[in-house]
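All ligand and atom numbering here is 1-based and tracks the order in the structure. For reference, positions follow the sequence shown, starting with 1. Quantities reported herein were computed from a predicted structural model and do not represent experimental measurements.
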Amino acid sequence: MWYSDFVMRSEPHPRILRNTAIQAARAAGKVLRKFFATEIRIDFKGEVNLVTEADRAAEVVIVRTIRKRFPDHRFLAEEGGEHATAESIGSDHRWIVDPLDGTTNFAHSFPMFCVSIGLEIRGEIVQGVVYDPLREEMFLAEKGKGATRNGHRIHVSKVEKLNAGLLVTGFAYDVREDLMNNLDHFANFSLRAQGVRRTGSAALDLCYVACGRFDGFWEMKLSPWDTAAGFLIATEAGATVTDFGNRPYQIYLKEILATNGKIHREMIEVLESEERPRR
Ligand code: IPD
Ligand code: CA
Ligand code: CA
């Protein structure tokens, strides 16, 4: 797009959008670092679904930082839902925010969590920022411009076979109530891949596929704020991202499969098989 297009449409320049997202992610990361491994208040959204005062405080900081620069933009954020103001109603720009992805880890002082911020313009994700404040890793992507980690270009792995792949997944909070709880796929992949991990942060899982630490990630029942930024980062790093039936992924779908492309077909075969776990 030419500069004149931004001026004519009075669209903010992508660089300004990206820098604002980075600033918001760093500010939220600072909040999370402050709360981490301290006694914090925990509330329960369900029997195993938590929210802490850190989630809420980080979200406030993100919305405040972005709104200061773009008062007319909308938000879809995990804790506050659709934050809208009179000014932002009908805006083409919507920020999709998970202020703390990995809440259960955080609440147990397990050091694996991140801030995730994606920007959707007219239904398309165009910017993604995932920030791990403990490792100080900043994953970024802009639509059509590739993905980076701390400023260096990242790419998916070159592993050719599922048998040699390291996979990652997660489980929804209704794991105890719903039979579609992913445990069958978890068992099947455990018998087919080199290893399977469960980190507890879907946004980092996608970034780790993007930079080749994992070769494939699958999960069910995620929300848009879990995947908006990570989906773009993985895609821009060369990942293939679909649902379990190999249809293109969208952040409102309930199934995600993100791989290095080379093991995608094999993973779909396992996901589609009716096979019950066996030795
Ligand atoms: C959770 C994490 C986890 C995934 C869950 C998500 P939260 O998000 O991404 O890895 O398995 O399904 O809900 O609650 O920590 O923001
Ligand atoms: Ca999340
Ligand atoms: Ca969260």
> Applying a 4.0 Å heavy-atom criterion (strictly less than), which segment of Asp101 is in contact with ligand 1: side chain, backbone, both, or neither?
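Within the 4.0 Å criterion, Asp101 contacts ligand 1 through backbone and side-chain atoms alike.
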> Ligand 1 versus Lys221, non-hydrogen atoms closer than 4.0 Å: side chain, backbone, both, neither?
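For Lys221, there is no contact with ligand 1 at all, from either part.
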> Which one of Met220, Glu219, Glu78 has a non-hydrogen atom at the shortest distance from atom 4 (C) of ligand 1?
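Going through Met220, Glu219, Glu78 one by one, Glu219 has the nearest heavy atom to atom 4 (C) of ligand 1.
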> Measure centre to centre between the rings of Phe106 and Phe35, then say whether the value is under 6.0 Å.
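Phe106 vs Phe35: aromatic centres not under 6.0 Å.
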> Could you tell me which N, O or S atom of Asp101 is nearest to the Ca ion (ligand 2)?
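Relative to the Ca ion (ligand 2), the closest nitrogen, oxygen or sulfur of Asp101 carries the name OD1.
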> Which atoms of ligand 1 sit under 4.0 Å from any heavy atom of Ala202?
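Once the distances to Ala202 are compared, the set is 2 (C), 9 (O), 10 (O).
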> Once rounded to the nearest 0.5 Å, what's the spacing between atom CZ of Arg153 and atom SG of Cys211?
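Rounded to the nearest 0.5 Å, the CZ-SG separation comes to 14.0 Å.
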> What are the atoms of ligand 1, with element, lying closer than 4.0 Å to any heavy atom of Thr103?
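Counting atoms of ligand 1 from 1, those under 4.0 Å from Thr103 are 15 (O).
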> Is the backbone of Ile263 close enough, under 3.5 Å, to the side chain of Asn260 for a donor and an acceptor to pair up by distance?
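Present.
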> Show the atoms of ligand 1 that are less than 4.0 angstrom away from any heavy atom in Arg198.
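Matching atoms, with element in brackets: 3 (C), 4 (C), 10 (O), 11 (O).
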> Look only at the side chain of Asp226 and the backbone of Ala202, and say whether a donor-acceptor pair between them is shorter than 3.5 Å.
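Judged by distance alone, no pair lies under 3.5 Å.
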> Assess Arg26 against Tyr131: is NZ or CZ under 6.0 Å from the centre of the six-membered ring, and within 45 degrees of the ring's axis?
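Positive - Arg26 is close enough to the ring of Tyr131 and near enough to its axis.
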> If you count the atoms of ligand 1 from 1 in the order shown, which ones are under 4.0 Å from a heavy atom of Leu222?
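Listed by number with element: 12 (O).
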> With only distance considered, is Gly170 within less than 3.5 Å of ligand 1 through an N or O on each side?
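For ligand 1, there is no N or O atom that lies under 3.5 Å from one belonging to Gly170.
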> At less than 3.0 Å, would any N/O/S atom of Gly102, backbone or side chain, sit next to the Ca ion (ligand 3)?
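Looking at Gly102, which is the residue asked about, there is no N, O or S atom under 3.0 Å from the Ca ion (ligand 3).
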> What are the atoms of ligand 1, with element, lying closer than 4.0 Å to any heavy atom of Gly102?
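Numbered from 1, ligand 1 contributes 7 (P), 15 (O), 16 (O).
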> Considering both backbone and side-chain atoms of Ala203, is one of its nitrogen or oxygen atoms within less than 3.5 Å of a nitrogen or oxygen in ligand 1?
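There is no such contact.
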> In this structure, does ligand 1 have an atom that sits under 4.0 Å from one of the heavy atoms of Leu100?
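Heavy atoms of Leu100 do come under 4.0 Å of ligand 1.
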> If you measure from each non-hydrogen atom of Ser201 to ligand 1, which part falls under 4.0 Å: side chain, backbone, both or neither?
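Answer for Ser201: backbone.
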> For Phe70 and Trp95, take the angle between the two ring planes, folded into 0 to 90°, and tell me which bin it lands in: parallel under 30, tilted 30 to 60, perpendicular over 60.
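Phe70 vs Trp95 ring planes: parallel.
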> Take the angle between the ring planes of His185 and Phe244 and call it parallel below 30°, perpendicular above 60°, tilted in between.
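If you compare the ring of His185 with that of Phe244, the planes turn out perpendicular.
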> Let me confirm one number: the OG1-CD1 distance from Thr235 to Ile125, rounded to the nearest 0.5 Å.
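The OG1 atom of Thr235 sits 10.0 Å away from the CD1 atom of Ile125.
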> Under 3.5 Å, is there a donor-acceptor pair between the side chain of Asn150 and the main chain of Glu136?
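Side chain of Asn150 to backbone of Glu136: a pair is present.
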> Identify, by name, the N, O or S atom of Asp98 lying closest to the Ca ion (ligand 2).
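Sorting the N, O and S atoms of Asp98 by distance to the Ca ion (ligand 2) puts OD2 first.
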> Taking the Ca ion (ligand 3) as the reference point, name the nearest N/O/S atom of Glu78.
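In Glu78, the heteroatom (N, O or S) nearest the Ca ion (ligand 3) is OE1.
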> With a 4.5 Å cut-off on side-chain heavy atoms, are Tyr208 and Phe139 touching?
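Phe139 vs Tyr208: side chains touch.
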> Where's the contact between Asp98 and ligand 1, heavy-atom distance under 4.0 Å: side chain, backbone, both or neither?
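The side chain, only.
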> Is there a side-chain contact between Thr199 and Phe113 (heavy atoms, below 4.5 Å)?
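Of all side-chain heavy-atom pairs linking Phe113 with Thr199, none is under 4.5 Å.
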> Taking only non-hydrogen atoms of Tyr173, do any sit less than 4.0 angstrom from ligand 1?
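The answer is yes: ligand 1 sits under 4.0 Å from a heavy atom of Tyr173.
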> Name of the Asp226 N, O or S atom nearest the Ca ion (ligand 2)?
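Asp226's closest N, O or S atom to the Ca ion (ligand 2) is named OD1.
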> Could you check whether the rings of Phe231 and Tyr249 sit parallel, tilted or perpendicular, using 30° and 60° as the cut-offs?
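Rings of Phe231 and Tyr249: perpendicular, over 60°.
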